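Start at 1 and go down the list; that is how both ligands and their atoms are numbered. Every value quoted in this text rests on a predicted model; they were computed, and no experiment measured them.
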Amino acid sequence: MTRFARWYEERVFNPLMDRALAAPQVSELRRRLLAGARGRVLEVGIGTGLNLPHYPAAVRSLEALVREDALEARVLSRARGTGREVVHVRGDAARAPLVSGCVDTLVCTFVLCSVDDPRAAFAEFARLLAPGGQLLIAEHVRSPRPLERALQRALTPLHRHWACGCRLDRDLGAELASRGFELESLSPPPDGVLPFPARELLCGVARLR
Ligand SMILES: C[S@@+](CC[C@H](N)C(=O)[O-])C[C@H]1O[C@@H](n2cnc3c(N)ncnc32)[C@H](O)[C@@H]1O
């Protein structure tokens, strides 16, 4: 990543995302999704730490897998606010420096639109999960509606540039299934969490078949 790209992501894009992804309807989605987190938890791409207030007491330890050398200041201050320790793990969604089968709960929210290879990330998640482990996932995905899908496809090349690599038209449900996961969607499905062109969500608890 160039110095400008890092500056843009840290100073421009992340603060904008922090506001958009802290909206009440997104917080409600986080609360519902994370209520089932337990044991040793690894959060992938923790961003500014917006999930932190929603982790329940059943979480024994929390590690944050990020590409940066340190956690963002906002993660640390949110962690202090919740009284929870967050351990920094430097790595990538597709390559975590952790032994196989060591994670009880993987958390991945609004990250996979921008990773280079989501299939490789799902394969890594499958490697990391302990037997009976769970992946709590919330991602915006390709729309099932043909017109919206066409618009997402048309917008993605431009959108990727200003939104730090975010693709609007990824079929993450198919990729999740192809890596052996079965998804139990949140019920009732969350409604109106993000606006178009990112309003179609993949959201729930995924377990290895
Ligand atoms: C839109 S933010 C979402 C942050 C947070 N997960 C949330 O729910 O608020 C996307 C995050 O994914 C991270 N990210 C993107 N590609 C990644 C990768 N390959 N591995 C790990 N994190 C990644 C970015 O650094 C950024 O923090």
Any idea which protein heavy atom is nearest [atom], and the distance to it?
| atom | answer |
| --- | --- |
| atom 4 (C) of ligand 1 | Gly45 O, 3.5 Å |
| atom 14 (N) of ligand 1 | Arg67 NH2, 3.6 Å |
| atom 20 (N) of ligand 1 | Ala93 N, 2.9 Å |
| atom 27 (O) of ligand 1 | Gly47 CA, 3.3 Å |
| atom 8 (O) of ligand 1 | Thr109 OG1, 2.6 Å |
| atom 19 (N) of ligand 1 | Asp92 OD2, 3.1 Å |

| request: Just jot down the ligand 1 atoms closer than 4.0 angstrom to any heavy atom of Glu9, in number order. | output: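 Selected atoms, number and element: 24 (C), 25 (O).
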
| Hey, which atoms in ligand 1 end up nearer than 4.0 Å to a heavy atom of Phe110? |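 Near Phe110, meaning under 4.0 Å from one of its heavy atoms, ligand 1 has 1 (C), 2 (S), 3 (C), 8 (O), 10 (C).
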
| Any side-chain donor paired with an acceptor under 3.5 Å for Glu72 and Thr48? |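 There is no such pair (donor and acceptor under 3.5 Å, judged by atom type) between the side chains of Glu72 and Thr48.
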
| message | If the threshold is 4.0 Å, N to carboxylate O, is there a salt bridge linking Arg40 and Glu63? | response |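 Yes, Arg40 and Glu63 are salt-bridged.
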
| field | CZ (Arg95) with more than 12 external heavy atoms under 6.0 Å | value |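 Atom CZ in Arg95 is not packed in, count stays at 12 or less.
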
Between [X] and ligand 1, is there a nitrogen or oxygen pair with a distance under 3.5 Å?
| X | value |
| --- | --- |
| Arg30 | yes |
| Asn51 | no |
| Gly91 | no |

| Taking non-hydrogen atoms only, is Thr48 closer than 4.0 angstrom to ligand 1 via side chain, backbone, both or neither? |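 It is neither; nothing of Thr48 touches ligand 1.
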
| Should the pair Tyr8 and Phe13 be assigned to parallel (<30°), tilted (30 to 60°) or perpendicular (>60°) ring geometry? |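 Rings of Tyr8 and Phe13: parallel, as their planes differ by under 30°.
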
| said: When you measure from the heavy atoms of Ile46 to every atom of ligand 1, does any distance fall below 4.0 Å? | reply: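 Heavy atoms of Ile46 do come under 4.0 Å of ligand 1.
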
| Single-linkage hydrophobic cluster, 4.5 Å side-chain cutoff, Leu135 and Phe110 together |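 Cluster IDs for Leu135 and Phe110 differ.
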
